[in-house]
Each structure stands twice: as C-alpha cells, then as structure tokens.
Amino acid sequence: MPTIPFENIDKIIHFVFYFVFVFLWIMSLKHISLRYFLIVLFIAFLLGISIEFLQEKYTKNRAFDWYDIVANALGAITSFILVKSYHVIQNKNISH
C-alpha cells in the first residue's frame, strides 16, 4: 500500500467530506433560509460527533478523535459560510 507523505491527511478528508456534505445538502434545499441552513449545519455537527462516539464504542480498529470532530465542524462551517455568502451576493445581484 503506498504511503501518503502527509501525517494528518485524514483530517483533510474529514474536512472535505463535511464541506461537500453540507454544500450539496444546502444546495438541494427548495426553501433557502437561514433557518434551514442552520438545521443542516446542526445535523452535520450531530452526525460527526455521533460517528466518533459510535466508532469508539462499536469498532475495534477505530478510535475516538476530537480532531476529527474539529475537522468535520470546520468543513461544515466553511461550506455554510461560502454558500450563505453566495446566496447573499445572488440576492444583491437580483435586486439591482
């Protein structure tokens, strides 16, 4: 198996997964509002935290890692901010 020369590549993978997860979910919403955006963000946080606790309890080869939760949250928050900013810019362009 080839090795990746970056020590914490899994944190980048966590970040990217949650970024894409939140991005696709928000973009698929029919009703675009801050409330729905925040619900998606909350569910992403809850899912990331739950998976970490479950893998610690129910698997033998996986361990709980706070840094995975941080990477998940940062990916979700970054996606949220970018999508929200995009919608603000789009609404400004439409109203002008």
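Along the sequence shown, the residues carry numbers beginning at 1.
Under the 4.5 Å side-chain criterion, counting only non-hydrogen atoms from C-beta, Asn72 is not in contact with Ile51. Side-chain contact between Leu34 and Leu38 is present, with at least one heavy-atom pair separated by less than 4.5 Å. Under the 4.5 Å side-chain criterion, counting only non-hydrogen atoms from C-beta, Tyr86 is not in contact with Leu82. Considering only heavy atoms from C-beta on, Ile26 stays 4.5 Å or farther from Tyr36 through its side chain. When side chains are defined from C-beta on, Leu47 counts as touching Tyr18, because their heavy atoms get closer than 4.5 Å.
One hydrophobic cluster, built from ILVMFWY side chains closer than 4.5 Å, cannot hold both Val20 and Ile69; they sit in different ones.
Aromatic ring pairs are classed by plane angle as parallel below 30°, tilted from 30° to 60° and perpendicular above 60°; the pair Phe64 and Trp66 is perpendicular. In this pair, Phe17 and Phe21 present their aromatic rings parallel. The plane angle is below 30°, not in the 30 to 60° band.
Of all non-hydrogen atoms in Asp68 and Lys11, the two that sit nearest each other are OD1-NZ, 2.8 Å. The shortest heavy-atom contact between Ala44 and Val22 is CB-CG2, 3.7 Å.
Aromatic ring centroids of Phe37 and His87 lie under 6.0 Å apart.
Looking at Ser79, its side chain does come within 3.5 Å of a backbone N or O of Phe23 through a donor-acceptor pair. The main-chain N or O of Trp25 is found under 3.5 Å from a side-chain atom of Ser28 such that the two form a donor-acceptor pair.
With sequence neighbours left out, the side-chain hydrogen bond (donor to acceptor under 3.5 Å, both in side chains) criterion links Glu56 to no other residue.
One distance of note links NE2 of His14 with CG of Asp65; it measures 7.0 Å at 0.5 Å rounding.
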